[in-house]
Each structure stands twice: as C-alpha cells, then as structure tokens.
Amino acid sequence: MPQHLPIRKCLILTSGFKLSLLTLLTNRQLFLRHLAQTSDAPLMLEIERAEGIYMYAPNGKRYIDLISGIGVSNVGHRHPKVVAAIESQLGKYMHLMVYGEYVQSPQVILAQKLAATTLSKLDQVYFVNSGTEAIEGVMKVAKRSTGRSEFVSCEKAYHGSTHGALSIGGGEYFKQAYRPLLPGMSQIRYGNIDDLEIISCRTAAVIIETVQGEAGVQFAGKAYFQALRDRCTFTGTLLILDEIQCGFGRTGTFWAYEQTGIVPDMLVTAKGMGGGLPIGAFLAKEEVMACIKTDPFLGHLTTFGGNPVCCAASLGVFEALETENLLSKVKQKEHLFRSLLVHPLITAFRSQGLMMAAEMPDFFTLKKVIDLAIEHGVVTDWFLYCDNSMRLAPPLIISESEIREVCKILLACMDKVMLDETKQS
Ligand code: PMP
C-alpha cells in the first residue's frame, strides 16, 4: 500500500473493505471532500426530503423553508400538480433533440402560456436552463437587434455568475477578480431618476430587476419605471426586466412589472418557473427575437434549454398557481407578516408581496438570529448585497396559521438574542 496516501484513501483502496469503509464517511464529510465549495462556510443542512413548506433532516427534524430555496419553490416543495406533470411527461419522453428543432408539446404549451401572461405583448419565448443563461441570451439578442454593444445596469444588481451576467452585476467585490469582463458596461443607482441620463443612443439595453432581490428587496416605484421606460424609448434602447427572483407570483402579481404600469421590451425568468426543476426563459416580441436566426443562423443554441420534463414541471406550477388561487392571497399574507414581525431588533421592514426583508442593526445580530432560528427549525438567510437584513420569501402556499407559527419562533429568537446582547454589554 503506498505510504504517502492519507489513511482514509488507503483504506478505501483496499478492495475487500471498499464498500463498508466508504459508508463510514458521513454525507457531510463527503460533501466537504467531493463537492466544490462556494465559500468557507456552507450552511451544511442535510435534508432527506421536502414537502410543501417543510424540509426534513435524516434524523426527522423538521425545518420550515422560509426562503423557498432562494425564490424557487414558490408553490412549495414537491407540489402535487408539479409532481403529477413531471410523472406524466416522464412516461412520454425526457429529451428528443436540441432546442428549437422538434415540435415538443410541453414547450409549445408553456411558451403560449408565458406569452399570455404578458397579454401577448412579448409573444416569443426562448427556453434555457437557468437565470444566468437567460441573461446571456438577452444580452446577445439586444446586441444583435440594436447593433449596439453598451449596457446599463444597476448598482447592487445580481443577474448571475457567468461572464456576461457578471459584467452587468452591481458589485465590484464579485467582479474584480474576474476582469477583464465585457467592455461598455455602466452602472446607475437603482431608483435614481437623474442617473437615467447615462442611457444614450449607444446603449443596447438597460437590464434591471423590477424588484432588486440581493440588494435586500428594493422597489424603485412606478414613477421611476415610467421615467426609465420613456428614456429607453427615446434613445431606442431595449428595456429588459430581470424577474428571475421577483416573477412567477412572488410579489402578488404574476410579473412584478404589472405593478409599474410599463411593459418591457424583454423579460427574463427562471427560479420559481420550474417548481424545483431547472429552467429559465426570456421573452420578447418576434421582431426583436428574430435576429438570432440569421447571419449567423443558429445564433444562440442550447442542448437542454426547454427540456420537456422541466417544461411540464413549469406547466404544473401554472396549474398550482391557478387552481389554488395563490396570487390573490399574497398581499394578505404579506400584511400578516408585516403586522406580526414587530420587534425592537427589526429596524425596517421592506416587502413586495412575499419577497420580504427584515432589517436589523448589523450582520452580527442578524446572524445570531438566523442561526438560532435554524436551530429552532426555521430556515432563513441574508442577502448578497445586504447583510443586515433577513430574507423572508416563503412558498406562496404558506397558510395563515403557519405564518403565525413561524413569526412566533422568529420573535422568540430575537428576544433571546436581544437578552444575550444586553447581558454582555
Ligand atoms: N437574476 C436574479 C435577480 C437572481 O436573483 C438570480 C439568482 N439569484 C439570477 C439572476 C441568476 O439565476 P441563476 O442562479 O439561475 O443563474
């Protein structure tokens, strides 16, 4: 046996014991050993199954998912309509051909449904696999269709982690190590009307979240979006709304932009769209979208984009939203959260439907509350660009009594943290 190998590896290599020794390593150890890590402090929650708003650890401990897997499980985990739609599609086919060639009914029906959500103002859909990929797609379409290459986006915006999406991202901390990124990118302050002057006849598109998620739930309001729309129309710039986090019912309307009175030129979605399966899409008018099919033809390709099983899952999400009338109850649930989550540690509360942020004095206090809440079976989080605010984005199916239960737990955690802090000072 080679002497230089770590003991554990040597043992695994000893064939007779291979399986039994492998099982000695826990999933948590294997996670740290074999999964590439995104930080030095992963959450490390081990979940065996999830249903509705609940997730269950292998020891049976129950957690309430108050962040919906970061805006994904809008209709809850394993919603029966989503599961049924997936199962039905599994019995037919899982993959036939790369995107855009065959007529696959789950894609066709889903595209028609998505177009209808925009009242057919954006009547064509391009399917992809994720949010960041949808952003790459709109950037390419915007360049081609306008013949321009400059983009304007916002400070504290998050649009994804691939190179194009990172280039329009709003945080220098995340960008600096990966430069050079795309040239011709400018950032404006979200919600600041004066900054709209930067948008010029050289700007291909403005890409903006209708409600900024990772900035800690910020909504610029109707007047801002109207001014932005006017400026884009004046300069011939495409207005692209990123509704990856705030779309699919999260704010109480199907799209958050419905609350602004404007219509974008392109719309980007993912996350909640698949009810737990990976799918994204971008929507535009046919005349905008047409540019990617010629000169060069096949201007944007994807093998798995619009995977039929994922499209079926998304149709299940539509069915769940419709049959349970979930959108109509969002505002009521938001108000309940707002009325219950009153505590000296909460210094501000921002919300757009069930996309909510409870601000605390600082990260350290917030982190103590979050850790304690997880211990008590409530999973929450903070935001990429706003580390003093608690992320609250439960599945839309959460009931009034569950909201009361969860708020009671959170308030008790805040009481405990406050008491500990006063004892220490
Ligand atoms: N845009 C927004 C607003 C997002 O919140 C996210 C993901 N947090 C993305 C884009 C990127 O999506 P994905 O992680 O699916 O690539």
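Atoms within a ligand are numbered from 1 in the order they appear, just like the ligands themselves. Here the structure is a predicted model, which means the values were calculated and not measured.
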Which residue and atom name correspond to the protein heavy atom nearest [atom], and how close is it?
atom: atom 5 (O) of ligand 1; result: Q245 NE2, 2.6 Å
atom: atom 16 (O) of ligand 1; result: T132 N, 2.8 Å
atom: atom 2 (C) of ligand 1; result: Y158 O, 3.2 Å

Any nitrogen or oxygen of [X], side chain or backbone, less than 3.5 Å from one on ligand 1?
X: E214; result: no
X: E209; result: no
X: I70; result: no

Salt-bridged, [X] to [Y], with N to O below 4.0 Å?
X: D265; Y: R229; result: yes
X: K331; Y: E334; result: yes
X: E324; Y: K81; result: no
X: E375; Y: K61; result: no
X: E51; Y: R62; result: no

>> For K271, state whether at least one heavy atom is located under 4.0 Å from any atom of ligand 1.
In response: yes
>> Restricting to side chain to side chain donor-acceptor pair (under 3.5 Å), what partner residues turn up for D123, sequence neighbours left out?
In response: none
> Is it the side chain (CB and beyond), the backbone, both or neither of H159 that lies under 4.0 Å from ligand 1, heavy atoms counted?
Replying inline: backbone
> So which bit of D242 gets within less than 4.0 Å of ligand 1, heavy atoms only: side chain, backbone, both or neither?
Replying inline: side chain
>> List the residues meeting salt bridge (charged side-chain N to carboxylate O under 4.0 Å, His left out) with R231, not counting sequence neighbours, and say none if there are none.
In response: none
> Right, does atom 14 (O) of ligand 1 have protein non-hydrogen atoms nearer than 4.0 Å?
Replying inline: no
> Which atoms of ligand 1 have any heavy atom of G131 under 4.0 Å away?
Replying inline: 12 (O), 13 (P), 15 (O), 16 (O)
